[in-house]
Number of protein chains: 2
Amino acid sequence: MKATDFEEEKAADIDQLDEKILKLITKNARIPFLEVARECGVSGAAIHQRVQRLLNIGVVHGSEFIVNPQKLGYNTCAYMGIYLDKAKYHSQVAEALRKIPEIIECHYTTGAYAIFVKIQTKTNKHLKRLIDEELQDIEGIARTETFISLEMDFKRQVPIK
Amino acid sequence: MKATDFEEEKAADIDQLDEKILKLITKNARIPFLEVARECGVSGAAIHQRVQRLLNIGVVHGSEFIVNPQKLGYNTCAYMGIYLDKAKYHSQVAEALRKIPEIIECHYTTGAYAIFVKIQTKTNKHLKRLIDEELQDIEGIARTETFISLEMDFKRQVPIK
DNA sequence: CATGAAATGCTTTAAAC
DNA sequence: GTTTAAAGCATTTCATG
């Protein structure tokens, strides 16, 4: 544990130009920076430098093409709450979960569950197999509760002002 | 409701070159396609055309720079299960939730809850205000259960082979 | 911090296989 | 589906304001 674990990560200094840049590049990572520049009324070099700064200070960390899981055959999306035998098992369980590629998100939570994950499997049977075989082998997991997503209504990033 | 709502979305035909392309562009949306081409041992035009095809058939839908919510002051991440008065309220509730920008993901689920959402707020107080004020005004919501994420262990996209 | 200018490199298209 | 070639743009850097 680091000393900084007791501090909140400080919000970055972001001005209106940064916000406008963020709005554009978080919607389309491949937009030419020169086009961003034209939309913002500044030079291309200014955008280049500001995006570099936003990366350096961690406001953005890279870019991704966004895949549609269903088109790769991943038709089942589920959330799962995990009860642990003891809270101290958290990090070893999290590490074991990281090794399962179908688990695409993992959080340490308050409330009923100690760990909360998002899972993407090809089928419901694939999900069942994952629960029955892979999860049961993980030391520290007491039991789990699964919520299958019948439909994703929407998904987006945090609002930028 | 569309007739196609009763069919599973078919997995796309993806060959090994597509997979290699996907692995690269889902990790870094701004990688030059010529660099992808060099890594794959084909021409730049081939990559250009294949990425276009992957977009056309919906295997990927665009690209995003990924923001770090904390750096924008969004320090509280939570999941919330929502109970509805009646299941038929689902779509009107989902539409109302879409208008709340702090709700960044919304699913129609099986299990204990009818709707399951991911929420990103600036503070715990901001989350409380959202629950007490914005959610209580939505017709059809019976009650909610909140799980605050103390720490995100990891987050990634679906595995590409 | 922003700019313009220059060098280098990338994107995009079309014709050909 | 892939290639090469060529034209048009974009990226990146740096000296300057």
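Computation of the quantities below employed the complete heavy-atom set of this structure, encompassing side-chain atoms and omitting hydrogens, waters and symmetry-equivalent molecules. Chain A is the first sequence line, chain B the second, and so forth, proteins listed ahead of strands; every chain is numbered from 1.
Distance CZ (A/Arg38) to C1' (D/dT11): 13 Å, rounded to an integer number of Å. Distance A/Glu39 CD to D/dA10 P: 13 Å, rounded to the nearest Å. Rounded to a whole Å, the CZ atom of A/Phe33 is 22 Å from the P atom of C/dT8. One atom, CD of B/Gln52, and another, C1' of C/dT11, lie 12 Å apart when rounded to the nearest Å. Taking atom CD1 of A/Ile21 as the reference point, atom P of D/dT11 lies 13 Å away to the nearest angstrom.
The side chain of B/Leu34 approaches C/dC10 more closely than any other nucleotide in the set D/dT11, C/dC10, C/dA2. When distances run from any side-chain atom of B/Arg50 to the nucleotides D/dT11, C/dC10, D/dG1, the shortest one goes to D/dG1. The side chain of A/Gln49 sits closest to C/dA2 out of C/dT11, D/dT11, C/dA2. Among the nucleotides C/dT3, C/dC1, C/dC10, the one closest to the side chain of A/Ala46 is C/dT3.
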Which atom pairs, donor and acceptor, lie under 3.5 Å between side-chain atoms of residues 92-104 of chain A and protein residues at least two apart or in another chain?
| from | atom 1 | to | atom 2 | distance (Å) |
| --- | --- | --- | --- | --- |
| A/Glu95 | OE1 | A/Arg98 | NE | 3.3 |
| A/Glu102 | OE2 | A/His126 | NE2 | 2.9 |

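Heavy atoms of B/Ile47 sit nowhere under 4.0 angstrom from any nucleic acid atom. Here B/Glu35 lies out of heavy-atom contact (under 4.0 Å) with every strand.
For A/Arg30, no side-chain nitrogen or oxygen approaches OP1 or OP2 of D/dT11 to under 4.0 Å. Residue A/His48 has no polar side-chain atom (N or O) positioned under 4.0 Å from OP1 or OP2 of D/dT11.
Cation-pi geometry between B/Arg30 and B/Phe65 is not met at under 6.0 angstrom from the ring centre and within 45 degrees of the axis.
Note: B/Tyr113 and B/Tyr83 have perpendicular aromatic rings, judged against thresholds of 30 and 60 degrees for the angle between ring planes. The aromatic rings of B/Phe116 and A/Phe116 sit parallel, their planes meeting at an angle under 30°, below the 60° perpendicular limit.
A/Glu105 pairs with exactly one of B/Lys118, B/Arg156, B/Gln157 by the side chain to side chain donor-acceptor pair (under 3.5 Å) rule, that one being B/Lys118.
Both A/Ala45 and A/Arg53 sit near DNA chain C, but only A/Arg53 has its closest nucleotide nearer the 5' end.
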